[in-house]
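Right, one structure below, let's go through it.
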Amino acid sequence: KYPDMYIGTRPRKDLPGPKGIPIFGNLLQIIPNIKRMIFWMDTVGALHGPLYTFTMPSWGRCIVVNHPSWLEHIRKNDTMVYTKGMATLAIFKEFPGPMSPFATDGTSWRSCRKLISPIFSVKNFNIQVSTAMNEIIPIAVDMLLSAADEGVQFDWNNFSGRVAISVLYRMAFGLDPETINPDYRCLNEPDALVAAMHECNTTSSGRLYNPIWKITDKFCGTQRRFNNARSVLYETAGSVLRKRRAQLSSETKDGGQTALGTDFLSAMIDSGLSDSEICGTIVTIFFAGHDNFLNVLGWSLYELSRESNWLARMRDEAFEQTVSDSVLKYGDISRYPVHLAVFYETLRLWPGVPKNARYAEEDDVLPAVPEIGIAAVKVNRGDYVLWSDRYMMRSEIVWGHDAKKFNPGRFLDEAGQFIKPPAPKFHAFGSGPRLCPGAQLATYEFVAIWAAILPHLDIVPLDNSERTMKDSFTSTMNGEFLVEARRLVK
Ligand code: HEM
């Protein structure tokens, strides 16, 4: 009954795809690729095109739908007709946790998005984000200058990860996590938060295509390491929250006005959220904001060091726009079209979530795509639809003949103004109801940090050869990215 597919799945003779074996479907092809699924999907996509199918335990029937027209349809119906599905939800419920929009669908998802909204809608968002950046950027630049003066080599990804944590921590709590300081030697100090983020992210993404992760993780010690790392994150959030609540209640007892402050924590306390809701939201923000910012800083340097004319244009823009030594404000980023174009182009080639999936709660039909000669596609209730932003955003069908080339110029008009690409053609921040709420924040962070570094420093990778990414939730660079910082001779 199941000649080439996983037991319980329905045959799909109308779709191409790699041939499986009875009962197990494509599991034997997937097992060696569990930790490199993105590359396996690239290889299978090169053979079968943008639409193909495979089956495996715990997921069942998977249909790969690598075209923006299908994504547009799926993502409009996200959280209701298409949900994350049990296989993925089980992983996200462990981390970032059950209170997170990543781990919920339908009405629970709506409540979780609401919990997170005070952060993105508070009136003084401009002030709190700009304040955090104003504090961290001078420290980061001083650290780079100290590395330049000593002529030391360091890992740019280590630097970027620490900047990412520092910015998030300051925005969340209005405090300095002391992850980075003006002396480059801080990069050699172990940092509990950075290590915990790394452990939670790597373990979670390694679970995605491992149908028996609950068993394997228990026996190889991963579960214990993961639990410890997750506790570090929740306890950090919990202890800052307890202190803040104690401070607020002593101010109230004294009969004074409580000064809530302008950080995310204050915004959430002010909206009446419970302790567990606040801690869950803070951990979600760390999960969502850390890796992606680290990655885009790394991949932008990688691309810019191979296309130095764009680096020169960014530097010219930074010199022209910088009127004083202060860090640019949140509202100033539209004056940096080249920085914006580089940010978007980096994310096009190295998207935030390179592969993703949804579970069909109902029977559905994906629209025909006549330009690639594909008729409407039936999706059965219980199927998973999978897509690879990496595949689509490097696809010549979607982005034209130079799709694989780093060319920020595609996002600039003739007058040099930035043109924001439409979603879901540009899908690095997702689309539909689950569109990334941190997109503007990340854009600002990117522009602010590069505009502060470039007038003072050259960051030079030691090895300019081609680099690859690891298979993880995000486009994480494989290995260290060793660089030297050099003071700019004016
Ligand atoms: C370059 C930086 C970033 C990129 C490329 C990025 C990308 C994405 C993508 C692709 C999604 C959709 C995932 C899905 O549909 O399954 C997403 C969701 C999300 N992002 Fe971002 N992100 C970035 C930065 C941030 C930051 C800085 C924050 C917050 C501080 C943030 C908060 C979130 C949240 C909370 C969600 C969950 C949305 C939901 O499921 O409703 N992101 N992000």
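Counting begins at 1 with the first residue of the sequence. Everything numeric in this text was worked out from a predicted model, so none of it was measured. Just so you know, ligand 1 is whichever comes first in the structure, and atom 1 is the first atom listed for that ligand.
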Relative to the ring of [Y], is the ring of [X] parallel (under 30°), tilted (30 to 60°) or perpendicular (over 60°)?
X: Trp70; Y: His67; answer: perpendicular
X: Phe286; Y: Tyr169; answer: perpendicular
X: Tyr82; Y: His73; answer: perpendicular
X: Phe102; Y: Phe287; answer: perpendicular
X: Phe481; Y: Tyr302; answer: perpendicular

**Prompt:** Taking non-hydrogen atoms only, is Asp389 closer than 4.0 angstrom to ligand 1 via side chain, backbone, both or neither?
**Reply:**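 No part of Asp389 is near ligand 1 at this cut-off.
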Which ligand 1 atoms, with their elements, are less than 4.0 angstrom from a heavy-atom of [X]?
X: Trp109; result: 39 (C), 40 (O), 41 (O)
X: Arg75; result: 14 (C), 15 (O)
X: Leu441; result: 30 (C)
X: Ile285; result: 30 (C)
X: Ile116; result: 35 (C)

Distance under 6.0 Å and angle within 45° of ring axis: [X] vs [Y]:
X: Arg381; Y: Tyr359; answer: no
X: Arg394; Y: Trp350; answer: yes
X: Lys425; Y: Trp399; answer: yes

**Message:** How long is the straight-line distance from CZ of Arg390 back to CD1 of Ile38, given to the nearest 0.5 Å?
**Reply:**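 Interatomic distance, Ile38 CD1 to Arg390 CZ, rounded to 0.5 Å: 6.0 Å.
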Distance from [atom] to nearest protein heavy atom, with residue and atom:
atom: atom 29 (C) of ligand 1; result: Phe120 CZ, 3.8 Å
atom: atom 37 (C) of ligand 1; result: Phe102 CZ, 3.4 Å
atom: atom 16 (O) of ligand 1; result: Asn356 ND2, 3.0 Å
atom: atom 12 (C) of ligand 1; result: Arg434 O, 4.0 Å
atom: atom 38 (C) of ligand 1; result: Arg113 NH1, 3.1 Å
atom: atom 10 (C) of ligand 1; result: Ala428 O, 3.2 Å

**Message:** My understanding is that only residues two or more places apart in sequence, or in another chain, count here; which of them pass ring-ring contact (aromatic ring centres under 6.0 Å, His included) with Phe154?
**Reply:**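 Expected list: none.
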**Message:** Can you confirm whether Val64 sits close enough to Ser388 that some side-chain heavy atom of one is under 4.5 Å from a side-chain heavy atom of the other?
**Reply:**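 Contact flag for Val64/Ser388 side chains = no.
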**Prompt:** So, Trp450 and Ser300: side-chain donor and acceptor under 3.5 Å apart, yes or no?
**Reply:**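 Short answer, yes.
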**Item:** Thr222-Arg207 side chain donor-acceptor pair, cut-off 3.5 Å
**Value:**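 Short answer, no.
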**Message:** Short of 2.8 Å from atom 21 (Fe) of ligand 1, name each protein N/O/S atom, waters not counted.
**Reply:**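 N, O, S partners closer than 2.8 Å: Cys436 SG.
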**Request:** May I ask whether Met171 places a heavy atom under 4.0 Å from ligand 1?
**Result:**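 Contact absent.
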**Asked** At a 4.0 Å cut-off, with the gap strictly under it, does some heavy atom of Arg358 reach an atom of ligand 1?
**Response**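 Distance cut 4.0 Å: Arg358 passes for ligand 1.
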